[in-house]
Amino acid sequence: MSYKHPSGEPFEGRIGRTVYESEPWWPTRTTGRGKPNVVLIVLDDTGFSHFGCYGSSIETPNIDRLAGNGLRYVNFHTTALCSPTRACLLTGRNHHAVGMRGVSNMDTGYPNMRGFLPRSAATVADVLRGAGYGTYATGKWHLTPMSECSAAGPFHNWPLQRGFDRFYGFMQGETDQFYPELTTDNHHIEAPALPEDGYHVSEDVVDRSIRLLRDQISLVPERPFFLYLAFGATHSPHQAPDAYRQKYRGKFDAGWDVVRADWYARQKELGVIPENTDLAPLNPGVRPWAELTANEQKFAARLQEAFAAQLDHTDAQIGRLVAFLGELGQLDDTLLIVMSDNGASQEGGPTGVFDEMRWFNGMLEDVDEAAKRLDDIGGPESHSNIPWGWSQVGNTPLKFYKQNTHGGGVRDPLVIHWPRGIDANGGIRRSFCHAIDVMPTILELTRTEAPREFNGVAQMPLHGASLAPTLSSADGTPARSVQYFEMLGHRGIWHNGWKAVVRHVSGTSWDDDDKWELYHLDRDFSETHDLAEDQPERLQAMIDLWWREARQHGVLPLDDRPAAQTFRAARRPGLPTARDRFVYYPPVSHIVSDACPSAARGWTTQAELVHPESGGDGALVNRGTINSGFAFYILRGRLHFDYNCFHAHTLVVAPQALAPGDHVVAFQVERLPDRRAAVRLLIDGEIVAAGEIPRLLGMLSSTGMDFGRAIAPVNRDYQPPFAYPGVIRKVTFELARRPTEQDRREEARREARAAMTRQ
């Protein structure tokens with residue numbers, strides 16, 4: 001007689017009255033024994049030509065060695081933006097279909113932009129874990145709505161709930177490399193060291209990756225592992241140890257025209273581009289190097305040095321991981337993939353920036369002022385990004401950048417290394433492929449089936465095709481003939497070697513104003529010979545195909561609103577930012593920027609505290625970093641407020657020391673015309689000091705906020721953790737009245753009049 005346990009779990013043994021009359025039985029455990037390990041390494045904002053093995057003069061010997069013993073793909077494509085590409089990688093589906101048409105900071109209220117992956121799209125980690133793999137994610141995540149990344153969650157879209165056993169890294173799209181916002185598993189932590197101690201987040205992430213793998217290999221050696229390692233590099237901020245920065249001093253003084261020509265020639269020598277490939281002309285807004293002023297040249301060259309230093313440093317960390325796998329005998333049977341998520345960034349603008357947040361605030365860099373601080377670039381006191389000219393070099397021989405659907409945005413490097421699975425060492429593969437093909441490839445090579453149902457939810461089919469046929473043959477091709485592109489209104493479609501593409505101008509008509517281009521991509525690698533006028537029928541057929549693909553994959557509705565509007569669209573009931581009054585009861589875990597009260601329209605912050613009898617200094621409220629942010633703190637006994645607008649500090653200091661005992665201390669930021677702001681410092685309701693902020697930033701910093709301590713300094717008055725020794729009972733933020741449309745029109749008129757006056 002069969003026995004049925006109350007839990008409903010199957011049991012194939014025999015149950016008697018006692019253990020002596022029974023037979024035990026254990027269900028078979030899936031261990032994945034005999035399957036290869038998988039390591040997926042993703043770099044950020046790294047262009048098609050940035051690896052040495054793709055033409056660059058930047059030193060990437062470890063990636064080059066992997067390519068020399070594996071395969072380079074030169075027709076690999078992404079979505080042109082980070083979160084969408086990562087969604088494609090981890091689900092094998094197109095990004096609109098899984099709710100990730102933009103970055104996960106956005107939720108526009110439409111199914112194509114929710115900022116998280118639906119349950120109908122199980123991740124490759126979900127599937128591999130079910131097949132017996134240990135699954136680990138380290139580095140950048142950026143696949144959870146950032147408003148959900150506070151200590152209160154909800155956690156259902158965090159890495160551990162999307163198939164990973166362990167996570168160590170950062171949730172945001174970028175982080176300061178010296179003072180990072182770190183998360184382990186389901187909670188935020190502080191960095192284990194400071195830059196003065198030699199700390200850098202890329203080294204830390206690889207250290208933790210090695211530790212996680214070492215534990216599994218030591219304790220369960222028969223179990224394979226999947227490591228998803230996503231570096232912050234080479235996304236802004238471009239920060240690296242000083243030795244790497246010094247290594248590249250003067251290496252780019254010849255300018256982007258010369259360097260781009262050199263890389264282009266080297267690409268032909270390496271065979272990564274066809275011999276007949278034309279070098280695309282300079283993008284609009286990119287001036288010939290000779291036309292730049294001396295300061296513009298110095299600034300641009302130093303920014304590129306910082307980028308190169310960061311990429312070189314990242315390559316060294318990849319080398320450490322590869323060496324570890326070799327030492328433990330795991331490298332030969334590890335499917336190791338190295339790639340970038342999109343082309344080189346355009347967010348540095350025409351001149352480059354000391355702090356990338358300038359670009360998000362619509363602020364141009366004062367290059368003559370920046371040239372006075374060249375030695376800070378690449379270190380903790382910069383959050384730099386390269387100018388368009390160097391970004392186009394990184395995308396050689398292509399045109400345009402990240403965010404665009406031309407080649408410079410969507411064509412990226414891909415290296416696959418697997419000694420036991422690849423014989424054609426050093427080979428080049430020219431078949432069209434896309435980020436959605438990565439998961440089907442991993443599943444086929446690990447002999448794992450994609451489930452039709454996962455956790456009770458029917459699964460949408462995979463949209464990608466396996467690259468397995470290309471591993472053994474240069475003529476192998478994935479079983480697919482069409483791929484659409486859409487990013488921030490820009491569109492494109494590839495079909496059997498042809499590509500139609502359009503660069504959309506925000507606010508213009510998609511039907512009447514967009515000018516589509518047509519390229520025979522198999523013969524025109526760099527998209528320089530537009531055949532739209534010669535073959536209008538083919539072009540129209542491609543446009544019609546784009547619309548069919550768009551409807552099939554959930555691309556609609558098209559949305560070309562500025563980022564500020566789509567970020568604001570995420571303000572919906574139930575989120576940490578969906579109110580105008582915020583009350584915190586410290587100690588509180590670190591708060592990511594998307595969960596912080598707005599710092600754009602003026603506010604009052606009030607802290608109820610008990611100051612110690614012995615006095616004591618420390619941070620009360622700290623948001624941002626040394627590059628932009630604000631801090632409310634006590635130093636040498638006196639209350640301080642500092643607003644840091646890209647190293648332009650507005651410092652307001654109380655005239656006398658704070659007496660011991662109970663106090664209510666506060667600062668008020670009142671927005672004034674022309675984006676200025678008045679600041680008042682209060683102790684127990686009395687104004688004790690005042691000042692004026694010359695410019696109130698709309699987007700303050702990508703680093704969030706802490707109470708009673710600081711993960712990063714806002715100025716050089718203090719160093720983390722700068723813990724306050726007293727008791728902070730409560731901190732309240734009251735935001736100013738939300739501006740109406742009339743308010744915005746009046747402010748726009750004031751700013752226009754002020755601009756005319758300045759002219």
Side-chain angles (χ1 to χ4, degrees), residues 176 179 353-363 365-366 369 373 376 380-383 582 584 591 593 596-607 617-636 638-655 665-683 687-720 722 724 731-736 739 747 751:
D176 192 290
Y179 298 103
V353 287
F354 239 110
D355 192 303
E356 183 193 33
M357 297 307 291
R358 284 182 179 273
W359 187 84
F360 288 103
N361 281 280
M363 298 170 63
E365 187 75 66
D366 185 334
E369 285 298 312
R373 297 182 50 224
D376 287 339
E381 297 207 19
S382 74
H383 193 109
F582 302 78
Y584 303 98
I591 303 173
S593 60
C596 290
S598 170
R601 66 178 198 254
W603 76 99
T604 297
T605 297
Q606 177 176 286
D617 299 341
L620 303 178
V621 182
N622 195 92
R623 180 173 177 192
T625 71
I626 194 70
N627 297 300
S628 64
F630 66 80
F632 187 38
Y633 59 101
I634 297 173
L635 181 66
R636 292 184 289 276
R638 294 194 292 168
L639 199 63
H640 289 59
F641 173 80
D642 183 15
Y643 189 89
N644 178 355
C645 179
F646 309 126
H647 296 277
H649 293 267
T650 301
L651 183 62
V652 183
V653 184
V665 297
F667 64 90
Q668 298 172 342
V669 178
E670 179 187 358
R671 183 161 175 163
L672 302 174
D674 304 322
R675 299 191 179 183
R676 296 175 295 115
V679 180
R680 291 177 287 274
L681 204 58
L682 298 89
I683 298 177
I687 297 174
V688 297
E692 183 174 298
I693 299 171
R695 181 178 178 116
L696 196 63
L697 298 174
M699 296 185 71
L700 183 64
S701 174
S702 59
T703 297
M705 183 168 63
D706 292 278
F707 303 110
R709 60 194 304 107
I711 69 165
V714 170
N715 61 32
R716 285 305 178 197
D717 278 354
Y718 58 94
Q719 279 294 303
F722 199 41
Y724 175 60
V731 179
T732 304
F733 280 71
E734 294 275 1
L735 302 190
E747 180 173 3
E751 291 187 356

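A quick note: this is a predicted structure, and the numbers were derived from the prediction, not measured.
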Working note: N715 + D642, criterion side chain to side chain donor-acceptor pair (under 3.5 Å); need CA distance, chi angles, decisive distance, verdict.
CA-CA 8 Å; N715 61 32; D642 183 15; 2.7 Å; yes
Mind checking what makes ring-ring contact (aromatic ring centres under 6.0 Å, His included) contact with Y718, not counting sequence neighbours?
Y633, F722
Any F582 side-chain heavy atom under 4.5 Å of E734 side chain:
no
Could you tell me if the side chain of F707 sits less than 4.5 Å from the side chain of I591, heavy atoms only?
yes
Quick one: does Y643's side chain get under 4.5 Å of V679's, heavy atoms only?
no
Indicate the atoms forming the closest heavy-atom contact of S598 with W603, along with that distance.
O-CE3, 4.4 Å
Calculate, to the nearest 0.5 Å, the distance between atoms CD1 and CZ belonging to I626 and R716 respectively.
4.5 Å
Within the 4.5 Å heavy-atom criterion, are F632 and L639 side-chain neighbours or not?
yes
Hey, could you give me the CD/CD distance between E670 and E692, rounded to the nearest 0.5 Å?
10.5 Å
Chi angles and distances behind the side-chain contact (heavy atoms from CB on, under 4.5 Å) call for R680, F667:
CA-CA 5 Å; R680 291 177 287 274; F667 64 90; over 6 Å; no
Please answer whether the main-chain N or O of P673 pairs with a side-chain N or O of R676 as donor and acceptor at a distance below 3.5 Å.
yes
Counting only N and O atoms by type, is there a donor-acceptor contact under 3.5 Å from the side chain of H640 to the main-chain atoms of R638?
yes
Please find the pair of heavy atoms, one from H649 and one from H647, that lie closest to each other, and give the distance.
CD2-O, 3.4 Å
Verify side-chain contact (heavy atoms from CB on, under 4.5 Å) between L620 and V665, making sure each step is shown before the conclusion.
CA-CA 10 Å; L620 303 178; V665 297; 4.0 Å; yes
Could you tell me the separation between the CG atom of L682 and the OG1 atom of T604, rounded to the nearest 0.5 Å?
8.0 Å
Would you say D706's side chain and R709's backbone share a donor-acceptor pair under 3.5 angstrom?
no
Looking at every heavy atom in both A690 and V652, which two are closest together, and how far apart are they?
N-CG1, 3.7 Å
A600 backbone acceptor or donor facing R671 side chain under 3.5 Å
yes
With rounding to the nearest 0.5 angstrom, report the CG to CZ distance, L735 to R601.
4.5 Å
Going by an N to O cut-off under 4.0 Å, is there a salt bridge joining R373 and D376?
yes
Nearest 0.5 Å, please: how far is CE in M363 from CZ in F646?
5.5 Å
How far apart are the closest heavy atoms of V714 and A631, and which atoms are they?
CB-CB, 3.9 Å
Check whether any side-chain heavy atom of V731 lies under 4.5 Å from a side-chain heavy atom of V621, and answer yes or no.
yes
Do the non-hydrogen side-chain atoms of P694 and C645 ever get within less than 4.5 Å of each other?
no
Flag side-chain contact, heavy atom, 4.5 Å: C596 against F733
no
Would you call Y584 and P597 a side-chain contact if the rule is heavy atoms closer than 4.5 Å?
yes
Just by distance, do the side chain of D617 and the backbone of Y724 share a donor-acceptor pair under 3.5 Å?
no
Gap separating the CG atom of D176 from the CG atom of N627, nearest 0.5 angstrom:
6.5 Å
Shortest non-hydrogen contact from S628 toward D355
OG-OD2, 4.1 Å
Is there a donor-acceptor pair under 3.5 Å between the side chain of R623 and the backbone N or O of F630?
no
Considering all heavy atoms of both residues, which atom of A677 and which atom of V669 are nearest to each other, and what is their separation?
CB-CG1, 3.8 Å
For residues 695-703, run the donor-acceptor check on the side chains, cut-off 3.5 Å, and write out each pair with its distance to 0.1 Å, sequence neighbours left out.
| unit_1 | atom_1 | unit_2 | atom_2 | d |
| --- | --- | --- | --- | --- |
| R695 | NH2 | N361 | O | 3.1 |
| S701 | OG | T703 | N | 3.1 |
| S702 | OG | E174 | OE2 | 2.7 |

